[in-house]
Amino acid sequence: MDKKIISTGAILGMIAIILGAFGAHALKKVLSMEQLATFETGVRYQMYHALFLLFIGLMKEVPQKTKKAIYFLVLFGILLFSGSIYLLATNDLTSFDFKIIGFVTPIGGLLLILAWGVLLMNIMNKKSQN
């Protein structure tokens with residue numbers, strides 16, 4: 001599981017860099033400053049959580065079951081949170097109105113918060129056992 005978590009973190013990190021560069025160069029010409037800032041928020045949170053996955057994959061103190069829960073929370077959290085932000089920020093560039101999927105953004109954010117909460121609970125439980 002550790003190899004899968006670290007690999008996913010690396011892939012998500014690479015995609016975040018690619019999307020960040022795409023936003024800074026190609027989208028800069030077609031998005032408003034507000035839309036670009038929104039897009040960059042999605043990139044930033046994706047990168048934070050890519051690094052979080054790398055950190056989790058390298059932690060030996062966290063049980064595999066906990067790592068698996070964090071992995072799926074982060075994966076689906078990034079998909080819903082950052083993914084919806086990318087679509088909403090670039091909404092004017094397509095004929096489809098992505099505003100109808102805006103409700104998934106906070107669900108993705110909640111999943112990301114829960115991933116950190118799972119780590120915290122694991123650490124707190126270990127601390128109380130010692």
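Tyr48 and Leu19 end up in different hydrophobic clusters when Ile, Leu, Val, Met, Phe, Trp and Tyr side chains are linked at under 4.5 Å. Put simply, Ile15 and Leu53 are part of two different groups of oily side chains (I, L, V, M, F, W, Y) that touch within less than 4.5 Å, one to the next. The hydrophobic cluster containing Ile113 does not contain Leu119, counting ILVMFWY residues as joined when their side-chain heavy atoms lie under 4.5 angstrom apart, directly or transitively. Linking ILVMFWY residues whenever their side-chain heavy atoms come closer than 4.5 Å, directly or via other members, leaves Leu58 and Leu12 in distinct clusters. If you chain together hydrophobic residues whose side chains sit under 4.5 Å apart, Leu80 and Phe103 fall into the same group.
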Query - Phe76/Ile107 under side-chain contact (heavy atoms from CB on, under 4.5 Å): CA gap, chis, key distance, verdict - result: CA-CA 9 Å; Phe76 289 112; Ile107 295 170; over 6 Å; no

Query - Test log, rule side-chain contact (heavy atoms from CB on, under 4.5 Å), inputs Tyr86 and Val43 - result: CA-CA 8 Å; Tyr86 299 142; Val43 170; 3.8 Å; yes

Query raised in the report: Between Ile78 and Tyr45, is a side-chain contact (heavy atoms from CB on, under 4.5 Å) present by the stated rule, with each step listed?
Result: CA-CA 8 Å; Ile78 288 174; Tyr45 275 79; over 6 Å; no

Requested in this report: Could you walk me through whether Leu112 and Phe52 pass the side-chain contact (heavy atoms from CB on, under 4.5 Å) test, one step at a time?
Outcome: CA-CA 10 Å; Leu112 296 173; Phe52 182 49; over 6 Å; no

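At least one donor-acceptor pair under 3.5 Å links the side chain of Asn125 to the backbone N or O of Met121. The backbone N or O of Asn91 sits nowhere less than 3.5 Å from a side-chain atom of Lys99 that would complete a donor-acceptor pair. Listed for the Ser82 side chain is no donor-acceptor partner under 3.5 Å among the backbone atoms of Leu79.
How far CD of Gln46 is from OG1 of Thr41: 12.5 Å, rounded to the nearest 0.5 Å. Going from atom CE of Met33 over to atom CD of Glu40 covers 7.5 Å, rounded to the nearest 0.5 Å. Atom CG of Leu31 and atom CG of Asp92 lie 8.0 Å apart (nearest 0.5 Å). Atom NZ in Lys67 sits 13.5 Å away from atom OH in Tyr71 (nearest 0.5 Å). Summarising the geometry, atom CE belonging to Met59 is positioned 11.5 Å from atom CD1 belonging to Ile5; distances are rounded to the nearest 0.5 Å. Here Leu111 contributes atom CG and Leu75 contributes atom CG; the two are 10.5 Å apart, rounded to the nearest 0.5 Å.
Among all heavy-atom pairs drawn from Thr105 and Ser84, the shortest one is OG1-OG, 2.6 Å. The shortest non-hydrogen separation linking Gly13 to Ala50 is N-CB, 3.5 Å. The nearest pair of heavy atoms linking Lys29 to His25 is CE-O, 3.8 Å.
Residues in residues 53-65 take part in these salt bridge (Lys or Arg N to Asp or Glu O under 4.0 Å) pairs, two or more places apart or across chains: Asp2-Lys60.
In this structure, Met1 places its CE atom where more than 12 heavy-atom neighbours from other residues, nucleotides or ligands lie under 6.0 Å away. A 6.0 Å sphere centred on CZ of Phe98 holds more than 12 heavy atoms belonging to other residues, nucleotides or ligands.
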